[in-house]
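When a ligand or atom number is given, it counts from 1 through the structure's own listing order. These numbers were taken from a predicted model, which means no experiment stands behind them.
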Amino acid sequence: MTTLKVENLHVSVAGKEILKGLDLIVNTGEIHAIMGPNGTGKSTLSQTIMGHPAYQVTQGNIYIDGQNLAEMSVDARAGLFLAMQYPSEIQGVTNTEFMRAAINARRPEDDQISVMSFIEKLDEKREFLAMTEEMAERYLNEGFSGGEKKRNEILQMMMIQPQIAILDEIDSGLDIDALKVVSRGVNSMRSNEFGALMITHYQRLLDYIVPDFVHVMMDGKIVKTGDANLAKKLEAEGYAGLRDELGLDVHLTDEETNSYFVED
Ligand code: ADP
Ligand code: MG
């Protein structure tokens, strides 16, 4: 089992504190969802775990099986986690090259994946996701439409098989068919060797990928944790209702309060 532990995490971006004492534990075998209004720091959490240099940890720690992430290189993190914005920022690398390199980074030098096994695996996953061969061969940052990009990210996840995947808004901009394909991919990964942290703005995704835990994030912290029913309750009552229930002194703007109900 692999455990990701986030402890009292405080993160500043451009001198402003965004995460304000966030605690979270994700084990392999579990699917967690983090929900929260726009601008509350959900993507900041994802970027910080991946080691993005713009996000400065000012207090607290992130551990993977007890090892402090601050002591791990960004490359070493990439094998353990897959945060979805990450690969799209790489220039001049094809999708297949990226996936092969990521798979091999996690294998010993004398046991790199053979071209044959790689292609077999790629064909199998690609067909499962109804993706064309051509799409898998493209350059990473070249000409993917929104929906193709998300589908491709799921392909990468299925190929690289990270222990813990961080999926930031994989549902945004997807039509219902693409959402189903993406969900099928994530559900196919469910096992004791795989954990996921799904960041989403909408409950809809959680109808397709039913999480074991739902966390609500407001003002840079997790303010409530529950099971899949918490997401349904949130949909019915909104973030403002939860804030009142918890007696939180968190002031959402009208835009933030309403944003939950606005479709992409
Ligand atoms: P969410 O994903 O919950 O919508 P984000 O983590 O993207 O929220 O953003 C939280 C806050 O941090 C916002 O006010 C946003 O403007 C700010 N922020 C995030 N990333 C950056 C950045 N790279 N530079 C400046 N501000 C940022
Ligand atoms: Mg975000």
Side-chain angles (χ1 to χ4, degrees), residues 4 6-24 26 31-60 62 69 74 77 81-90 141 146-147 149-150 153-154 157 164-174 179 182 186 196-206 209 211 213-225 230-231 234-235 238-240 242-243 246 248-264:
L4 168 69
V6 179
E7 205 173 63
N8 186 35
L9 188 67
H10 291 251
V11 172
S12 291
V13 187
K16 185 176 159 210
E17 185 170 63
I18 306 296
L19 299 187
K20 302 172 183 170
L22 187 137
D23 294 294
L24 178 70
V26 178
I31 300 220
H32 292 247
I34 292 191
M35 305 185 72
N38 278 330
T40 201
K42 301 183 299 297
S43 296
T44 296
L45 173 63
S46 160
Q47 298 286 6
T48 305
I49 294 171
M50 291 310 295
H52 193 299
Y55 299 81
Q56 199 197 349
V57 177
T58 55
Q59 213 185 314
I62 308 171
L69 269 196
V74 172
R77 295 178 198 209
F81 307 108
L82 190 67
M84 290 314 185
Q85 281 95 335
Y86 182 72
S88 59
E89 289 167 10
I90 299 170
N141 53 352
K149 192 156 166 264
K150 301 286 168 184
E153 287 165 354
I154 297 302
M157 178 185 74
I164 294 176
I166 301 167
L167 308 168
D168 193 355
E169 309 241 350
I170 47 162
D171 48 341
S172 77
L174 292 187
L179 183 66
V182 159
V186 176
L197 181 59
M198 293 195 302
I199 297 171
T200 181
H201 201 63
Y202 302 113
Q203 198 271 334
R204 184 181 63 169
L205 175 71
L206 308 183
I209 307 167
F213 301 94
V214 172
H215 309 277
V216 182
M217 189 168 161
M218 279 194 233
D219 198 27
K221 284 198 274 282
I222 286 170
V223 295
K224 194 175 171 84
T225 293
L230 177 57
L234 206 53
E235 186 181 49
Y239 291 108
L242 184 67
R243 180 195 59 201
L246 295 173
L248 289 174
D249 188 23
V250 175
H251 298 284
L252 301 177
T253 62
D254 284 349
E255 190 194 1
E256 285 170 333
T257 306
N258 293 330
S259 66
Y260 181 73
F261 300 101
V262 180
E263 284 294 318
D264 294 307

Aromatic plane relationship, Tyr55 with His52 - under 30° parallel, 30 to 60° tilted, over 60° perpendicular: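 The rings of His52 and Tyr55 stand perpendicular, inter-plane angle above 60°.
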Looking at side-chain heavy atoms only, is the closest gap between [X] and [Y] below 4.5 Å?
X	Y	result
Leu197	Leu24	yes
Asp219	Lys20	yes
Met157	Leu167	yes

Is it the side chain, the backbone, both or neither of Met217 that has a heavy atom closer than 4.0 Å to ligand 1?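 Neither; nothing of Met217 gets under 4.0 Å from ligand 1.
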Of the side chain and backbone of Thr40, name the one, both, or neither that has a heavy atom under 4.0 Å from an atom of ligand 1.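 Looking at Thr40 and ligand 1, atoms from backbone and side chain both fall under 4.0 Å.
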Going by distance only, is there an N or O of Val13 that falls short of 3.5 Å from an N or O of ligand 1?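 Between Val13 and ligand 1, no N or O pair is found under 3.5 Å apart.
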Looking only at N/O atoms, are Gly39 and ligand 1 under 3.5 Å apart anywhere?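 Yes; at least one N/O pair falls below 3.5 Å.
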Would a search of protein heavy atoms around atom 5 (P) of ligand 1 find one under 4.0 Å away?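 Under 4.0 Å from atom 5 (P) of ligand 1, at least one protein heavy atom found.
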Please check if a non-hydrogen protein atom sits closer than 4.0 Å to atom 15 (C) of ligand 1.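 No, there is none.
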Can you tell me which residue and heavy atom of the protein come closest to [atom], and the distance to 0.1 Å?
atom	result
atom 12 (O) of ligand 1	Ile18 CD1, 3.1 Å
atom 7 (O) of ligand 1	Ser43 CB, 3.6 Å
atom 20 (N) of ligand 1	Tyr55 OH, 2.9 Å
atom 8 (O) of ligand 1	Gly41 N, 3.2 Å

Gap between atom CE of Met218 and atom NZ of Lys224 - 0.5 Å precision: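 Going from the NZ atom of Lys224 to the CE atom of Met218 covers 10.0 Å.
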Between Ile18, Val57, Thr58, which is the residue that forms a side-chain contact (heavy atoms from CB on, under 4.5 Å) with Val11?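 Only match with Val11 under side-chain contact (heavy atoms from CB on, under 4.5 Å): Val57.
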Please determine which of Leu45, Ile49, Asp23 meets the side-chain contact (heavy atoms from CB on, under 4.5 Å) test together with Leu9.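 Between Leu9 and the candidates, side-chain contact (heavy atoms from CB on, under 4.5 Å) is satisfied uniquely by Leu45.
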Relative to the heavy atoms of Lys16, which atoms of ligand 1 are at a distance of less than 4.0 Å?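 Selected atoms, number and element: 14 (O).
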Atom indices of ligand 1, in the order listed, that fall short of 4.0 Å to a heavy atom of Asn38: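 Matching atoms, with element in brackets: 4 (O).
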If only atom types and distance count, is the side chain of Thr200 paired as donor or acceptor with the main-chain N or O of Glu169 below 3.5 Å?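 Side chain of Thr200 to backbone of Glu169: no pair is present.
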Closest non-hydrogen atom pair between Tyr202 and Met35, with its separation: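 Looks like C-CE, 3.8 Å.
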Look at Ser46 and state whether any of its N, O or S atoms is less than 2.8 Å from the Mg ion (ligand 2).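 Given the 2.8 Å cut-off, Ser46 does not count as a ligand of the Mg ion (ligand 2).
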Option of least heavy-atom distance to atom 9 (O) of ligand 1 (set: Leu19, Thr44, Asp168):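 Among Leu19, Thr44, Asp168, the closest heavy atom to atom 9 (O) of ligand 1 comes from Thr44.
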